[in-house]
Number of protein chains: 2
Amino acid sequence: MERIAAMNIADQIYSATDSATQDRAQAIRDQLRDAIVDRRLAPGTKLSEGEVGTLFDVSRTVARAALQMLSFEGLVRTERNRGAFVANPSPEEARQVFASRRLIEPGIAIAACGRVTAADIAAFKAQLDEEGRFIAERGPTARRSEIKASGDFHLLLAAVAGNAILQRFMEELVARSSLVIALYGRSGVSACGHSEHTEIVGALGSGDCGLASRLMLHHIDHIEADLDLRVRAGPALREALNF
Amino acid sequence: MERIAAMNIADQIYSATDSATQDRAQAIRDQLRDAIVDRRLAPGTKLSEGEVGTLFDVSRTVARAALQMLSFEGLVRTERNRGAFVANPSPEEARQVFASRRLIEPGIAIAACGRVTAADIAAFKAQLDEEGRFIAERGPTARRSEIKASGDFHLLLAAVAGNAILQRFMEELVARSSLVIALYGRSGVSACGHSEHTEIVGALGSGDCGLASRLMLHHIDHIEADLDLRVRAGPALREALNF
DNA sequence: GCAAAAAAGATTGCATACGATTTATGTGCA
DNA sequence: TGCACATAAATCGTATGCAATCTTTTTTGC
């Protein structure tokens with residue numbers, strides 16, 4: 001039941017972006033992006049055109065278009081004559097992702113606060129329930145769903161803010177954040193993040209836009225503080241070996 | 001001589017983005033984008049794959065990739081089985097473009113202010129000279145160059161800010177702004193904009209980051225204030241007829 | 001046994017071909 | 001004349017083929 005509610009939220013989020021869903025490439029991109037954000041595809045994984053094509057039962061032409069889209073979003077890195085790989089963001093890139101979010105999301109919180117409706121608040125509540133359920137559960141599947149739900153909160157906020165351009169920027173930033181957390185995350189951000197999401201919704205509900213904005217800024221700082229962005233031998237080696 | 005200096009600036013701006021310039025599609029995209037930003041291609045102009053292909057002497061495959069890139073940037077709108085058209089932003093889209101810039105650019109000004117070097121200041125000065133020269137000149141060619149130079153100022157600032165992600169967002173926003181101004185611009189923003197650019201560089205040079213940020217915000221407001229975003233019969237009709 | 005060169009294999013870049021869909025044109029009928 | 005319908009042209013969506021490039025394996029020389 002609430003699963004259906006969550007689906008509706010997701011639909012609502014995507015409907016603004018994929019309104020004129022042009023072709024199959026878009027669908028493949030969405031599936032691949034979900035897989036990357038859910039960490040079913042690890043950073044550095046090779047995504048060959050042929051493999052993707054046969055997997056989705058389309059020609060290389062279509063697969064290539066999907067990979068090109070992901071490349072624009074920064075989720076895959078393509079090298080000429082070598083192919084596409086799930087992005088392996090450097091610590092510097094990670095810092096830039098979060099610097100961008102620190103700049104944009106407080107403003108999005110204010111915009112959303114100024115436009116939020118009772119129905120939106122209800123959607124946020126459903127979203128928070130969804131998050132809470134996955135935190136309670138155990139196992140890798142619940143973990144993935146939790147990561148996705150956590151990102152969806154930020155996307156829902158961007159949707160409520162009502163600016164399609166910023167919404168698309170946020171989709172990119174949230175997706176890339178997921179990669180960054182996968183690579184550099186130290187602990188489970190989950191419990192801490194969920195309570196902060198709840199506080200933000202509270203501020204939205206009471207119409208305190210300044211508070212919502214400040215809470216968002218702190219929330220992002222907390223997520224970034226959980227990262228270990230020191231250059232490690234592991235990832236550097238893996239990147240050097242093109243793994 | 002200063003023309004060469006300007007080229008270097010442009011190279012500097014693009015080098016961060018097109019570092020791994022993968023193929024010819026990128027080059028075609030750049031040329032088309034320049035043409036759109038320069039208003040040599042009017043909003044609504046049809047860009048058929050075949051035409052673009054023969055024009056640049058490549059196959060439809062490559063032309064299509066270039067158009068897809070422009071579609072992601074919001075510079076062209078593609079309709080399934082109908083083709084690609086230079087984007088025709090609605091007043092609502094125009095508002096969103098400038099709302100995004102109001103949110104992002106003051107922060108970029110602060111970031112740039114914190115990292116600006118003497119060499120950067122010199123580059124800004126060269127950029128301002130470039131702008132000034134085109135304002136002084138007359139004729140449509142100078143006009144186009146002036147529009148481009150005005151946008152390049154904002155892109156240079158984004159480059160100095162040192163965040164590749166925000167830089168790319170700004171490239172998109174500046175390009176779309178050019179379309180918006182082409183459609184809804186009332187007067188020549190030029191003289192006013194140039195003096196404001198000069199003030200911003202002054203603030204950067206004296207290290208007053210707060211001032212630079214405020215000046216940027218006012219600058220964006222001034223540009224937007226020059227727009228006439230009321231729904232007009234003209235554009236609405238043209239859009240309805242898919243022209 | 002090891003290093004370097006050469007060949008084989010795999011994968012991408014790009015062009016072209018064909019079916020599907022849309023748009024333009026022409027014809028018959030009221 | 002005006003409208004409906006059928007036909008033709010143009011354009012897009014997608015698959016496939018070939019050359020170029022990169023990677024891996026094998027071979028060869030020392």
Side-chain angles (χ1 to χ4, degrees), chain A residues 18-32 36 41-88 237-243, chain B residues 18-32 41-73 75-88 237-243:
Chain A
D18 304 352
S19 54
T21 174
Q22 50 180 340
D23 45 4
R24 277 182 284 177
Q26 192 98 350
I28 293 172
R29 178 197 74 149
D30 289 344
Q31 286 203 244
L32 284 178
I36 293 172
L41 286 170
T45 304
K46 166 139 206 212
L47 301 172
S48 91
E49 297 175 356
E51 204 173 347
V52 172
T54 54
L55 204 65
F56 288 95
D57 201 45
V58 295
S59 77
R60 272 182 50 220
T61 307
V62 177
R64 187 186 179 82
L67 290 173
Q68 194 187 359
M69 293 189 215
L70 291 168
S71 168
F72 283 130
E73 292 180 279
L75 288 185
V76 314
R77 160 183 49 95
T78 62
E79 297 177 23
R80 180 169 179 98
N81 282 322
R82 290 208 1 110
F85 305 83
V86 178
N88 213 330
L237 181 61
R238 284 167 70 188
E239 198 173 339
L241 297 176
N242 273 320
F243 173 67
Chain B
D18 303 351
S19 54
T21 174
Q22 49 180 339
D23 46 6
R24 278 181 283 177
Q26 192 97 351
I28 294 173
R29 176 197 75 150
D30 289 345
Q31 285 203 244
L32 284 178
L41 286 170
T45 305
K46 166 140 207 208
L47 301 173
S48 93
E49 296 176 357
E51 204 173 347
V52 172
T54 54
L55 204 65
F56 288 94
D57 201 45
V58 294
S59 77
R60 270 181 53 219
T61 306
V62 177
R64 185 185 179 82
L67 291 172
Q68 193 188 358
M69 294 189 216
L70 291 168
S71 167
F72 283 130
E73 292 180 278
L75 288 184
V76 315
R77 161 182 49 95
T78 62
E79 296 178 22
R80 181 172 178 92
N81 282 320
R82 287 204 7 105
F85 305 83
V86 178
N88 213 330
L237 181 61
R238 283 168 70 186
E239 200 173 338
L241 298 175
N242 271 323
F243 173 66

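Convention: sequence-line order gives letters A, B, ...; per-chain numbering from 1. Note that the structure is predicted; figures quoted are calculated from it, not measured.
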| task | Considering just the side-chain nitrogens and oxygens of B:R82, establish if one lies under 4.0 Å of OP1 or OP2 belonging to C:dT23. | result | yes

| request: Starting at atom CD1 of A:I28, determine the distance to atom P of D:dA15, rounded to an integer number of angstrom. | output: 9 Å

| Toward the 5' end of DNA chain D, by each residue's nearest nucleotide, A:D57 or B:S48 | B:S48

| query | Reckon A:R80 has a side-chain N or O less than 4.0 Å from the OP1 or OP2 of C:dG13? | reply | no

| task | Using the closest heavy atom to pick a nucleotide of DNA chain C for each, name whichever of A:T61 or A:N81 lands nearer the 5' end. | result | A:N81

| Tell me, do A:Q68 and B:M69 make a side-chain contact under 4.5 Å, heavy atoms counted? | yes

| message | What's the closest nucleotide to the side chain of A:R24 if the choices are D:dT14, D:dC12, C:dT12? | response | D:dT14

| query | Rounding to a whole Å, what distance do you find between B:Q68:CD and D:dG13:P? | reply | 10 Å

| Any side-chain heavy atom of B:F56 sitting closer than 4.5 Å to one from B:R24? | no

| remark: Between CD of B:E49 and C1' of C:dT21 the distance, given in whole Å, is 13 Å

| request: Would you kindly give the CZ-to-C1' distance between B:R60 and C:dC18, to the nearest whole Å? | output: 11 Å

| remark: Closest non-hydrogen contact found for A:A25 with A:A66 is O-CB, 3.6 Å

| request: Please determine, for the side chain of B:V62, which listed nucleotide (D:dT14, C:dC14, C:dT22) has the closest atom? | output: C:dC14

| query | Could you give the CD-to-P distance, from A:E79 to D:dT23, as a whole number of Å? | reply | 9 Å

| request: Would you check if A:V76 and A:L32 make a side-chain contact, meaning some heavy-atom pair closer than 4.5 Å? | output: no

| query | For C:dG13, does OP1 or OP2 lie under 4.0 Å from any side-chain N or O of A:R64? | reply | yes

